[in-house]
J.: 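Okay, here's the structure, questions in a sec.
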Amino acid sequence: MTTKKSDHTVAHEDASSSTDHLIGEFKALLADAEALIHATEGHHEGAIGTIRAKALETLEGAKESLSSVEGQLAQKAKAAADGADEFVHRKPWEAVGVAAGLGLLIGLFIGRR
């Protein structure tokens, strides 16, 4: 049972790391798109003006969605941290054993390099 708990924690950390990376890339994309839209500020007529207006609307929607996703991720991270804290308080010796086992495995992997 302890192994499943630690495997879940490691998988959650990997998912969290890749999610943070994805959010960072998405923010960079939004910043680049916003810079491109501002570069075309002088073109309010014709097709470019229409595309520019639609892109501004889409950009605002994407920013709102990103804020929502970040809030949800923060809540999930807090819940995971609370769960880990509760587990450590409920079963301290198992937590020490898991930490020692993970430390041993990390030491073995580093020693092979």
J.: With a 4.5 Å cut-off on side-chain heavy-atom distances among I, L, V, M, F, W and Y, is there a chain of contacts connecting V98 to V96?
T.: no
J.: Is there a donor-acceptor pair closer than 3.5 Å between any side-chain N or O of S68 and the backbone N or O of E64?
T.: no
J.: Which value, rounded to the nearest 0.5 Å, describes the distance between L56 atom CG and H38 atom NE2?
T.: 7.0 Å
J.: At what distance, to the nearest 0.5 angstrom, does CG of D85 lie from CZ of R90?
T.: 11.0 Å
J.: Same cluster or not: are F26 and L36 linked, directly or through other Ile, Leu, Val, Met, Phe, Trp or Tyr residues, by side-chain heavy atoms under 4.5 angstrom apart?
T.: no
J.: Enter the distance from F87:CZ to D82:CG here, rounded to the nearest 0.5 Å.
T.: 15.0 Å
J.: When rounded to the nearest 0.5 angstrom, what distance separates CG in L29 from CG in L59?
T.: 9.0 Å
J.: Which of these, K27, K63, K76, sits in a salt bridge (Lys or Arg N to Asp or Glu O under 4.0 Å) with E70?
T.: K27
